[in-house]
Number of protein chains: 2
Amino acid sequence: MKPKYDIRNALRLHRVKAGDMTQQELADRVGATRQTIMSIEKGRYNPSVGLALRIAKVLGASIEELFELEEEEGDRDG
Amino acid sequence: MKPKYDIRNALRLHRVKAGDMTQQELADRVGATRQTIMSIEKGRYNPSVGLALRIAKVLGASIEELFELEEEEGDRDG
DNA sequence: CGCGGTAGTAAAATAAACTTTACATTTTGT
DNA sequence: ACAAAATGTAAAGTTTATTTTACTACCGCG
C-alpha cells in the first residue's frame, strides 16, 4: 500500500552539499539509523516532522527545500 | 512512551488565523480525520512530513512556523 | 587479491501515526 | 433553557515509520 501523500526529497543532494556527509554520519547526528536515512532518501516513506526538522537543522536547509509534496494529477477529490 | 523528539506546534493559532477554520474543516482539506488534527494540536504525536506539508499549504504557513523542535537541555550526546 | 568503508536491499520486530467509533464537555445561536 | 455545532478524550484496530540484524555490491587502498 503506497503512502497517502507522496513526497519527493532532495536529501541526498543536500547531504552531499553539506560537506559530503555519509548516511551514517547524518543518521548519528539526527539520532536515527542509517536504514532510516536510506529509506527516506529512497522515498520509501515520509518521516515524522520531528525527524524532518532535525535533518533540516543538520543539513542547514528548510523542510520545504528538503521535502516536497508530489503533485498527483487527477487523483484529488477537491 | 513519549516521542523521542518533542515538537511544539502553533497549529491552533494558525488555524484560527486562517479564517477560523474548524478542526473538521482542516481535517477534510488535508485528507485526515478530526482526531488526527486534534492529536497534533494537543501535541500527542508529531505527524508525518507529508501531512505537515499539506497542513502548511492549507494554512498558508511554513512548516517551521507551524512546528518547532523542543529544545531539550542537557539531554544531548554531542 | 584481500581489506575497510560506503551504499543498497530486505525481513522480522517494535513503536508510533492514523483511523474508526463512541461518548462527554464546552461553546454558540435562538 | 434548548439544540446544534465544535472541541476533548479514549479504546481498539490498521497502517506506516523506525529499529535491529544481516547480507550483497561497489570503490579506493595495501
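Chain letters run A, B, ... following the sequence lines, proteins first and then strands; every chain starts at 1.
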Less than 4.5 Å apart, any side-chain heavy atom of [X] and any of [Y]?
X: B/Glu64; Y: B/Glu68; result: no
X: B/Ile40; Y: B/Tyr45; result: yes
X: A/Asn46; Y: B/Leu51; result: no

Among residues 61-68 of chain B, which residues get a heavy atom nearer than 4.0 Å to DNA chain D?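 Nucleic-acid contacts, sorted: none.
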Atom [atom1] of [X] and atom [atom2] of [N]: how far apart are they, to the nearest Å?
X: B/Lys42; N: C/dA16; atom1: NZ; atom2: P; answer: 21 Å
X: B/Asp20; N: C/dT28; atom1: CG; atom2: P; answer: 9 Å
X: B/Ile40; N: D/dT7; atom1: CD1; atom2: P; answer: 15 Å
X: A/Ile37; N: C/dT9; atom1: CD1; atom2: C1'; answer: 16 Å
X: B/Arg34; N: D/dA6; atom1: CZ; atom2: C1'; answer: 7 Å
X: B/Leu11; N: D/dT7; atom1: CG; atom2: P; answer: 12 Å
X: B/Glu25; N: D/dA5; atom1: CD; atom2: P; answer: 14 Å
X: A/Met38; N: D/dT24; atom1: CE; atom2: P; answer: 17 Å

Once hydrogens and angles are ignored, does a donor-acceptor distance under 3.5 Å link the base of C/dT21 to the side chain of B/Gln35?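 Between C/dT21 and B/Gln35, which were checked side chain against base, a qualifying N/O pair under 3.5 Å is present.
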Side chain A/Gln24 and base C/dT6 donor-acceptor under 3.5 Å: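 Result: no qualifying N/O pair found.
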A/Thr33 side chain to A/Thr36 side chain, donor-acceptor N/O pair below 3.5 angstrom: yes
N/O (side chain, [X]) to phosphate O (OP1/OP2, [N]) under 4.0 Å:
X: B/Arg54; N: C/dC18; answer: no
X: A/Ser48; N: D/dT18; answer: yes
X: A/Arg44; N: C/dT9; answer: yes
X: B/Thr36; N: C/dC18; answer: no

With clusters defined by side-chain heavy atoms of hydrophobic residues (ILVMFWY) lying less than 4.5 Å apart, directly or transitively, does [Y] cluster with [X]?
X: A/Phe67; Y: B/Val58; value: yes
X: A/Leu66; Y: A/Met21; value: yes
X: A/Leu11; Y: B/Leu69; value: yes

Once you build an axis from the first five pairs and another from the last five of the helix from C/dC1-D/dG30 to C/dT30-D/dA1, how far apart in angle are they, to 10 degrees?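 The two end axes of the helix from C/dC1-D/dG30 to C/dT30-D/dA1 meet at 50°.
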Pairs flagged by salt bridge (charged side-chain N to carboxylate O under 4.0 Å, His left out) wherever residues 9-25 of chain B is involved - sequence neighbours left out: B/Arg15-B/Glu41, B/Glu25-B/Arg29
Nearest atoms (heavy-atom pairs only) where B/Ala52 meets B/Pro47: CB-CG, 4.4 Å
From the list [options], which nucleotide is the closest neighbour of the side chain of [X]?
X: B/Asn46; options: D/dT18, C/dA17, C/dT20; answer: C/dA17
X: B/Ala32; options: C/dA7, D/dT7, C/dT19; answer: C/dT19
X: A/Tyr45; options: C/dT19, D/dA17, C/dT9; answer: D/dA17

Within this structure, what is the OG-CZ distance for the pair B/Ser39 and B/Arg34, rounded to the nearest 0.5 Å?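 Separation between the atoms: 10.0 Å.
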